[in-house]
Amino acid sequence: MSTISLESFIAGFAYGGTTVLVGQPFETLKTLTQVHPPSTVNASTQSASSSVSSMSSKSTAKPSLVQTASNLYRQGGIKAFYRGGVPLLLGGGLMRSAQFGVYNSVVPALESRYGRTPPSSYFFGCINPHVVLAGWAGGIGRGIVEGPFEMVKVRRQVVTHWALKDVFQGFGATLFRNSFLFSSFVIYMDILKQQLERHNTNITPFLKAGICGNLAWFTVWPLDVVKTRRQSGKYNDKSLFWLLRDAVRKGDMYRGLSAGMLRSFFANGCSMEVYTVVERELRREFRGE
């Protein structure tokens, strides 16, 4: 493994751990909103696992993010917002390590074999095909690691029983979502870089990752809704296509978006700051830069 790849894997691990610590409260709110229909969100956040299935709300109005957060806090305090966080804390570093490590290995491999892609060959004048392929590969690398951890996280967040045989439930959906998610993220990052260089300016890593992370999540959000419902254990007899059609029919394609955008901006922004510092220190240590 090259030094560059090793740096990316280690810095990616730091990125993943930071993402979980900063973003898990919003991730829990997002999951609860995506999994439960409007009439049951309040009920599910007001009780522990023994009473989740027995309570239901009479109102059909969608609860606000503040209401959902308030109910969750009354249920278990701050600790409730980190429900399901342990699996992701263990796997978060590994999966981000995989996505950045694979990405930063594939890009130089493509350039070594085919040469740098000239801007004149970019899709739509701004999308580097090497970035697309490397991002897709990085997303697959992340998905392979993330699948089981993500399933456990979702089950714990919605307080649903799971067994070891269930850990790969929704694995295909996770892999598919992550391929689009990470490739979208690096595409937006590359386009932003081009624009900043063109205007001879720069912004902080926090803003770069926060903006591009939100754009990437917005791009793939319907896939995330389907993935989360598939892993929740509440739709075991439904196919991915049925879940997608159902989300479209009920207008749930972007359920949980507000919590997801808040999480994405702050978690990715903070994590990219950590990634940049770790990568810089590793380059100084390994290569004397």
Side-chain angles (χ1 to χ4, degrees), residues 1-13 15-16 19 94-147 171-224 226-227 240 244 264-265 268-269 271-272 275-276 279-280 283 287:
M1 180 183 295
S2 68
T3 301
I4 295 177
S5 297
L6 182 60
E7 292 165 359
S8 298
F9 276 104
I10 296 174
F13 190 91
Y15 186 109
T19 298
L94 293 175
M95 65 194 189
R96 261 67 176 210
S97 175
Q99 73 177 16
F100 283 109
V102 171
Y103 173 78
N104 285 307
S105 297
V106 173
V107 168
L110 290 172
E111 291 181 346
S112 175
R113 183 176 181 84
Y114 301 107
R116 286 181 175 271
T117 305
S120 59
S121 298
Y122 284 6
F123 301 136
F124 307 108
C126 61
I127 300 177
N128 186 336
H130 287 176
V131 170
V132 176
L133 291 173
W136 190 269
I140 291 175
R142 168 179 167 171
I144 291 173
V145 177
E146 183 178 14
F171 183 77
T174 300
L175 206 63
F176 191 59
R177 182 208 65 176
N178 283 357
S179 299
F180 280 99
L181 175 62
F182 189 63
S183 59
S184 297
F185 176 72
V186 293
I187 287 169
Y188 289 130
M189 287 285 284
D190 191 58
I191 292 174
L192 179 59
K193 178 183 176 183
Q194 295 172 40
Q195 294 302 312
L196 292 173
E197 291 176 348
R198 183 174 301 168
H199 293 88
N200 194 29
T201 187
N202 200 7
I203 58 177
T204 65
F206 180 94
L207 287 177
K208 289 178 184 176
I211 293 169
C212 295
N214 273 17
L215 288 172
W217 273 109
F218 186 83
T219 301
V220 304
W221 198 260
L223 296 178
D224 188 65
V226 171
K227 186 276 307 175
L240 295 179
L244 183 60
S264 172
F265 187 82
N268 281 299
S271 299
M272 186 56 75
Y275 180 95
T276 302
E279 186 180 47
R280 183 178 65 238
R283 285 181 176 177
R287 292 186 277 171

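These numbers were taken from a predicted model, which means no experiment stands behind them. What you see below is based on every heavy atom in this structure, not just the backbone, and it leaves out hydrogens, waters and symmetry mates.
Across all non-hydrogen atoms, the minimal contact from Gly101 to Ser105 is O-OG, 2.8 Å. For Ile191 against Cys126, the heavy-atom pair with the smallest separation is CG1-O, 3.5 Å. Smallest separation of non-hydrogen atoms from Pro129 and Ser121: CD-O, 4.3 Å. Between Leu192 and Cys212, the shortest heavy-atom distance links the atoms CD2-SG, 3.8 Å.
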inquiry  = Pair Phe176, Leu240 - check side chain to side chain contact (heavy atoms under 4.5 Å, CB included), show working.
reply    = CA-CA 11 Å; Phe176 191 59; Leu240 295 179; over 6 Å; no
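If you take CZ on Phe171 and NZ on Lys227, they are separated by 12.5 Å, rounding to the nearest 0.5 Å. Here CG of Asp190 is found 6.0 Å from OH of Tyr122. Values are rounded to the nearest 0.5 Å. Atom-to-atom distance recorded for Glu111:CD and Arg116:CZ is 4.5 Å, nearest 0.5 angstrom. Between Asn128 atom CG and Thr117 atom OG1 the span is 4.5 Å, to the nearest 0.5 Å. One distance of note links CG of Leu181 with CH2 of Trp217; it measures 5.0 Å at 0.5 Å rounding.
Ring pair Phe100/Phe185 is perpendicular by interplanar angle, where above 60° counts as perpendicular and below 30° as parallel.
Residues Val131 and Tyr103 meet the side-chain proximity criterion, which asks for heavy atoms closer than 4.5 Å. Within the 4.5 Å cutoff, the side chain of Tyr275 has heavy atoms near those of the Ser8 side chain. With a 4.5 Å cut-off on side-chain heavy atoms, Gln194 and Met189 do not count as touching. In this structure the side chain of Phe180 never reaches within 4.5 angstrom of the side chain of Thr219, judged on heavy atoms.
Legend: residues meeting side-chain contact (heavy atoms from CB on, under 4.5 Å) with Leu215, ordered by chain and number and at least two apart, are Tyr188, Ile211. Remark: Phe123 pairs with no residue by the ring pair (Phe, Tyr, Trp, His ring centres under 6.0 Å) rule, at least two apart or across chains. For Thr19, the side-chain contact (heavy atoms from CB on, under 4.5 Å) partners at least two apart in sequence or on another chain are Tyr15, Arg96, Arg263, Ala267, Ser271. With sequence neighbours excluded, the residues that form a side-chain contact (heavy atoms from CB on, under 4.5 Å) with Leu110 are Val106, Tyr114, His130, Leu133.
The backbone N or O of Ala209 sits nowhere less than 3.5 Å from a side-chain atom of Asn268 that would complete a donor-acceptor pair.
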Could you tabulate the donor-acceptor pairs under 3.5 Å formed by side-chain atoms of residues 134-145, not counting sequence neighbours?
from: Arg142; atom 1: NE; to: Glu146; atom 2: OE1; distance (Å): 2.9
from: Arg142; atom 1: NH1; to: Gln99; atom 2: OE1; distance (Å): 3.2

Donor-acceptor contacts under 3.5 Å from residues 201-208 side chains, at least two apart:
from: Asn202; atom 1: OD1; to: Lys208; atom 2: NZ; distance (Å): 3.1
from: Thr204; atom 1: OG1; to: Leu207; atom 2: N; distance (Å): 3.3

